[in-house]
2 protein chains.
Amino acid sequence: MDHENAFKQWKRQCFSKVDFSKKGNIDDEIYPVVCLINDSSNYFTTSSCSGRIILIDGLSECSRVQKQNCSWLFVTHQKCKVADVVLGLQKASGNAVFKFEPFVLHVQCKDIESAKLLHSVAVNSGFRNSGMSIGKRGKIIMAVRSTHCLEVPLSHKGEILVNENYIHFLVQTANQKMAENVTRIKRFYDGLQAVLQADGSSSMATCKDKTTKIVQNQHQRKTQDSVIEDSQIPANKFSDSEDYLETSLILFS
Amino acid sequence: MDHENAFKQWKRQCFSKVDFSKKGNIDDEIYPVVCLINDSSNYFTTSSCSGRIILIDGLSECSRVQKQNCSWLFVTHQKCKVADVVLGLQKASGNAVFKFEPFVLHVQCKDIESAKLLHSVAVNSGFRNSGMSIGKRGKIIMAVRSTHCLEVPLSHKGEILVNENYIHFLVQTANQKMAENVTRIKRFYDGLQAVLQADGSSSMATCKDKTTKIVQNQHQRKTQDSVIEDSQIPANKFSDSEDYLETSLILFS
């Protein structure tokens, strides 16, 4: 099978899969970006996260990077409040760590030229740690990544090491990073839209108005964000190629 | 000019350039890795940092990621001490931030297959944010990167927000990450050595014993690490292709 047909088959297979992430759907904040990419014949997304602020409780006395042995005390994909962090911290029994993690996106690309184009838009939008990988079967994945982060230990064996004044400043700092993150996503969307329309590989005419869906999801989000997550890190997958949203005007206004 | 000759010319040009980084030479901790890569006909390094713990003083009330408007209060490429951080923090007049940044390496690769090989070794060693970029003239750069970090605000407008007990725990955490960083560099070196020898592109016979040079550099390092750096972020470049060291036995024992 030639590479172009192989790519089309990979895309069809990806869209037919269930979203196995903990969340089960795409983060609203990046729905237009994901939509725009998947509408192009040269790309499809394989995982995404709009960016998040999290408080995780890890095992004490473990020097290795630990993703498995931790529980989630708090998570939000928007700005956070001091009260939520304080509440989460009170439940910590180990080494709690507060983190800001920016937008991340993995996109499978039809060919190297498409990957280079996407990479260029990502870097110009501020996602300077973006880069591609090429698998054994010729699968080309472009990862959109940023260095923009926070990682702050807050407790040791359940003992909180900082006062509320510090948490207040930390939350303010994290929210500033989240705001910058949104600005970069918007810049990325605009850059992508410009190159895809110039490229002719995007068919924006198929995007439908799903304002109601966004509002519903945001309502669900407000409930979900304060739920304690288990230790699996969500990897959002695009599960339904028929769901399209009106473009950035709603989410980025 | 065909691509292979173009690559050889790029490599020659890179080795003839002056090291413009603030430090002016390769970090000792990764000299064997850099040596191994540059000894291969398929690669050469363009920038590197073994990993560092830094305390920087940034301007207040600036929400954007700021690399330009900050001064360096403290930097080390090895483990740090509480006293050094406390001393640095006392000199802060803005928003001081404590950071651990892991090993980072940029390597220009002869072709995509070489880049894929290097990428595979990097990811298997724990450098999971590694990825490649391909420039307009066909330059292929593989960036070896990790998510393993700390970024911790410690002061606001010169006012220190944490106590010495917190700094003690923070330093302990950072030193654990630095130890893990060294482990990953060792794993990367071993993996690289195995594939390059199997590949036949490495000529290890040319590596010479430079133990004296390492000891001298480490002595200079102890003096340099407590010096206040200016705002330029060092980007170490390999300046002298004739300097080779005995392999990892010395530095990683």
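Within every chain, numbering begins at 1; the chains are lettered A, B, ... in the order of the sequence lines, protein sequences first and strands thereafter.
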Gap separating the [atom1] atom of [X] from the [atom2] atom of [Y], nearest 0.5 angstrom:
X	Y	atom1	atom2	value
B/His156	A/Gln172	NE2	CD	5.5 Å
B/Asn95	A/Thr173	CG	OG1	7.0 Å
B/Phe169	A/Glu159	CZ	CD	9.5 Å
B/Leu150	A/Lys99	CG	NZ	9.5 Å

| field | Shortest non-hydrogen separation from A/His119 to B/Ser133 and the atoms involved | value | CE1-CB, 3.5 Å
| remark: Taking every heavy atom of A/Leu161 against every heavy atom of B/Asn163, the minimum-distance pair comes out as O-OD1, 4.4 Å
Under 4.5 Å from any heavy atom of chain A - which part of [X]:
X	value
B/Ile141	neither
B/Ser155	backbone
B/Ser120	neither

| field | Salt bridge present between A/Lys177 and B/Glu151 (N-O < 4.0 angstrom) | value | yes
| query | Is the number of heavy atoms from other residues, nucleotides or ligands under 6.0 Å of B/His106 NE2 greater than 12? | reply | yes
| Under 6.0 Å from the NZ atom of A/Lys81, do we count more than 12 heavy atoms belonging to anything else shown? | no
| query | Is the shortest heavy-atom distance from the side chain of B/Cys149 to the side chain of A/Thr147 under 4.5 Å? | reply | no
| request: Flag the one option from A/Val123, A/Asn129, A/Leu154 with the top tally of heavy-atom pairs under 4.5 Å to chain B. | output: A/Asn129
| message | For B/Ile134 and A/Met132: C-alpha separation, side-chain torsions, deciding distance, then whether side chain to side chain contact (heavy atoms under 4.5 Å, CB included) applies. | response | CA-CA 9 Å; B/Ile134 302 173; A/Met132 53 183 104; 4.3 Å; yes
